[in-house]
Amino acid sequence: MASDLLGKYLVRRLGDQVLALPITEVEAYDGFKDLASHASRGITERNAPMFEGGGVWYVYFVYGMHHMLNIVVGEKDYPAAILIRGVGDISGPARLTSFLKIDKSFNTKGAKRQSDLWIEDRGEDLVPKKILKTARIGVSYAGPVWSKKKYRFLIREN
DNA sequence: TAAGTGATCTCT
DNA sequence: GAGATCACTTAA
């Protein structure tokens, strides 16, 4: 479940520093039928990481300037990933990758400490979190059905 | 609201 | 190889 990521921490090691920021916003891209997903037309060189099974990063470059960070989920050969759109006070998937210096060097890498970018469940959220569900952002190309699926999840209002 | 920017995808 | 598109951001 994509919303399970909300409240977990995205941890980034940058040299001596380790930054841990709570995940506040995500979007799910699920399977071949999801017309908003890069994998809806099958495997390509770019989306191949989505087919590798859970636990690896899928990082790609769009609009000539922005990197997007996804964590691959699901079984091998079934394309599914969760786009991390917000952490801490940073909102927007490209701002997040810019701030944490995440680029394609993480693509296909395991989300483990050794890769200097991973996810931790710190179980600190004692307060029940309010999860909002909305349609995904920037996917109007996906047609009337899939562009409206409520696959975007976020904590806290505003 | 539109420009910026370049990788990638889908045809020829 | 060419043309279109794009899971966005910023400045106006």
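In what follows, chains carry the letters A, B, and so on, assigned in the order in which the sequence lines appear, proteins first and then strands, with residues in each chain numbered from 1. What you see is a predicted model; the values in this text were computed from it and never measured.
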Practice task
For the side chain of A:A94, starting at C-beta, report the closest nucleotide among B:dC9, C:dA7, C:dC8.
Solution key: C:dC8

Exercise for the section: Measure from the side chain of A:F61, starting at C-beta and using heavy atoms only, and say which of B:dG4, C:dT10, B:dA7 lies closest. Expected result: B:dA7

Problem - Ring-ring centroid check A:H67 A:F106, cutoff 6.0 Å - result: no

Exercise for the section: Answer yes or no: is there a donor N or O on one side and an acceptor on the other, between the side chain of A:R12 and the main chain of A:F99, under 3.5 Å? Expected result: no

Handout entry: Cation-pi, A:Y29 ring and A:R136 (6.0 angstrom, 45 degrees)
Key = yes

Exercise for the section: Scan A:M68 against the nucleic acid and name what it touches under 4.0 Å (heavy atoms): base, sugar-phosphate only, or nothing. Expected result: sugar-phosphate

Handout entry: Donor-acceptor under 3.5 Å (A:R13 side chain, A:R113 main chain)
Key = yes

Problem - Nearest-nucleotide pick for A:L83, side chain only, options being B:dT10, C:dA7, C:dT9 - result: C:dA7

Fill in the blank from the handout: Residues at least two apart in sequence or cross-chain that pass side chain to side chain donor-acceptor pair (under 3.5 Å) with A:W118, listed by chain then number, are A:E120

Problem - Atom-to-atom span, CG of A:L69 to C1' of C:dC8 - whole angstrom - result: 15 Å

Practice task
Could you check if a side-chain atom of A:L100 sits within less than 4.5 angstrom of a side-chain atom of A:I90, using non-hydrogen atoms only?
Solution key: no

Handout entry: Face-to-face contact A:Y63 to B:dG4 six-ring, under 5.5 Å, under 30°
Key = no

Problem - Nearest-angstrom distance from the residue atom CG of A:N70 to C1' of C:dC6 - result: 14 Å

Practice task
For the side chain of A:V139, starting at C-beta, report the closest nucleotide among B:dT5, C:dT9, C:dA7.
Solution key: C:dA7

Exercise for the section: Quickly work out the A:H38 NE2 to C:dA7 P distance and round it to whole Å. Expected result: 4 Å

Practice task
Tell me which nucleotide among C:dA7, B:dA7, B:dG4 gets nearest to the side chain of A:K104.
Solution key: B:dA7

Handout entry: Consecutive-pair stems (at least three Watson-Crick or G-U pairs, under 3.5 Å) that include DNA chain C
Key = B:1-4 with C:8-11, B:6-11 with C:1-6

Exercise for the section: Counting heavy atoms from C-beta on, name the nucleotide in B:dC9, C:dC8, B:dT5 closest to the side chain of A:R85. Expected result: C:dC8

Exercise for the section: Classify the side chain of A:Y60 versus the base of B:dA7 as yes if they form a donor-acceptor pair under 3.5 Å and no if they do not. Expected result: no

Handout entry: Nearest-angstrom distance from the residue atom OH of A:Y29 to C1' of C:dC6
Key = 11 Å

Practice task
Would you classify A:A36 as touching base, sugar-phosphate or nothing, given that sugar-phosphate means primed atoms plus P, OP1 and OP2, and contacts are heavy atoms under 4.0 Å?
Solution key: base

Handout entry: Among B:dA7, B:dC9, B:dT10, the nucleotide that comes nearest once only the side chain of A:R46 is considered
Key = B:dC9

Completion exercise
Among B:dC9, C:dT9, C:dA7, the one nearest any side-chain atom of A:E45 is B:dC9

Fill in the blank from the handout: Taken to the nearest 0.5 Å, the spacing of A:K148 NZ from A:S140 OG works out to 11.0 Å

Problem - Integer-rounded Å distance: C:dC6 P and A:N47 CG - result: 15 Å

